[in-house]
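To start, the structure itself, in C-alpha cells.
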Amino acid sequence: MESTELTATTQSSFENIQEGDVLMKVFYAIFAILGVMGNGLVLFVFYKTPDLHVPTNILIGHQSLVDLVFSVILFLNFIPPSIDLETLGVSHPVLSNLTCKVWVSEFVYWSILKVSTINLVFLTLERYFAVVHPIKFIKIMNRRIAISMCILAWILGIVLSIYFPFIHRVEDDGDCTSRSVMRGSPERYAIVVLSVVTTLILPVGVMLYAYLMIFWTLRPVKDLPDTELPSNATTIHMGDTQTNGVDSRKMEFTRKAGFRDRCRRNVLITFFLVSLSYTICWTPDMVLYFHHNVVTRHEWSDPIHQFVILLAVSNSWINPVIYTWKYRGFQKGLKDSLLKSRKDVTRVFRTCYTYVHNRNIQFI
C-alpha cells in the first residue's frame, strides 16, 4: 500500500511496513497481546471486586475496555497480510471502496485511539472536580453520569475521526490513498492541526492544568491562625486533660486535612502516572507527524522513527502495569480475586475427586 501523508506517523509507517520486516510485526503482536491480557485482567478484577464498583472505577474500567479493543484492532489491522483491494474491486467494487474508507484507511483504529484519549481526559476531570470542588462533585457525580461520560467519549472519538472515510478512496492500482488532499493545501493543514490538537495539545493541556490545581489544593496544610477561630473559644475537657478550645480546633482541622490527603494521594498519583505515560508515549509521535506534514518528509523505515512508533502503541498495555504497581484498591481486588479463583478451582477438583471416588471410577 502507498503511504498517505495525512494520517499520523503510526499510520504512515504501518502502511510502509513490508512483508519482510518481521521484527516490527513481532513487536506489534507482542504489544497487542500484552494489551489484551493486561486490560482483560483489569476488567476481570473490577468485575469481581464489589468495592471497586464506584463511578470513578467505571471510567477506569472503560479505559481498560477501550485499550483492550485498541489492542485487538492493532493486531487485526497491521499483523495479517494487506487486503487486496484491486482483486476485491473486480467482483465487489462497493465492498472494496467501503473496506478502504472504513478499515484500510484506519478510521476504526484512530477512532478507538481518540475514544481512549477523551476518556482519559474525562477521568482526569473527574478527579479534578472530586478534589477541587468536592461538594458539587458529591451532589452531581453518580453511575449514570459516569456511564454518560463513557458514551460521550465514543461519540466524540468517532466524530473527530470522521474525515478518514471522506478523504480516502481506492485508486485504479488498488491502493487506498488520500491523494486528493494535496501537500500544502488548506485541507491538509486543517487535518494536521486537528490531529495534533485533539491527540496531544488539548488533552495534555487539560491534564496538566487539572493536576496542577489538584496538587495545589492538596498542598500541606499549615497551622490554622488563631485569628480564624472565634475569640470566645472556651476550654474543652478531654478526659483528665484540659486543652484550650483554639488548640483543639487546630488539631481537628489538621487531622481532617491529613486524613483527606492520605485517602486521595494514592489514587491521584496513579492517575497522574497514567496521564504522564500517555504524554511520554504520544508526544514524539505527534511532533514527527507535524514535522513530516508541515516541514519536510520523513523516511519511516529509520530506526529512530520506528522506535517512536513502538513507543506510541505501547501506551495500550502500560496502564495495567501502573494499576498493579501503584493503585492499592486494584492491588487488593487482584489479590482477593486470585484467592477466590484458587478456592473455586480447589472446590471443583474436590468435587470431581469425590464423585470419582464414590463411583469407583477407574482410568486406564
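These numbers were taken from a predicted model, which means no experiment stands behind them. When reading the values below, keep in mind they use all heavy atoms of this one structure, side chains included, and skip hydrogens, waters and symmetry mates.
- For the atom pair Leu160 CG and Ile155 CD1, the distance stands at 11.5 Å (nearest 0.5 Å).
- Residue pairs meeting the side chain to side chain donor-acceptor pair (under 3.5 Å) criterion with at least one partner in residues 196-208, sequence neighbours excluded, are Lys114-Thr198, Lys114-Thr199.
- Both Val197 and Ile118 belong to a common hydrophobic cluster when Ile, Leu, Val, Met, Phe, Trp and Tyr are linked at side-chain heavy-atom distances under 4.5 angstrom.
- Residues Met149 and Met141 meet the side-chain proximity criterion, which asks for heavy atoms closer than 4.5 Å.
- Between Trp110 and Phe164, the ring planes are parallel. Angles under 30° get that label, and only those over 60° would be called perpendicular.
- No single ILVMFWY cluster, assembled from side-chain heavy atoms under 4.5 Å apart, contains both Ile33 and Tyr109.
- For the pairing with Val313, the side chain to side chain contact (heavy atoms under 4.5 Å, CB included) check across Phe31, Phe78, Phe27 returns one residue only, Phe31.
- Nearest heavy atoms, Ser316 versus Asp67: O-CB, 3.7 Å.
- Residue Thr99 is tested with Leu95, Asn97, Val102 for a side chain to side chain contact (heavy atoms under 4.5 Å, CB included); the sole match is Leu95.
- A continuous path of ILVMFWY side-chain contacts below 4.5 Å connects Leu202 to Ile162, so both sit in one hydrophobic cluster.
- For an aromatic pair to be called close, the ring centres must be under 6.0 Å apart, and Tyr211 with Tyr128 fails this.
- Put simply, the side chain of Leu65 does not reach to within 4.5 Å of the side chain of Asn39, judged on heavy atoms.
- No side-chain donor-acceptor contact under 3.5 Å links Ser116 to the backbone of Ile112.
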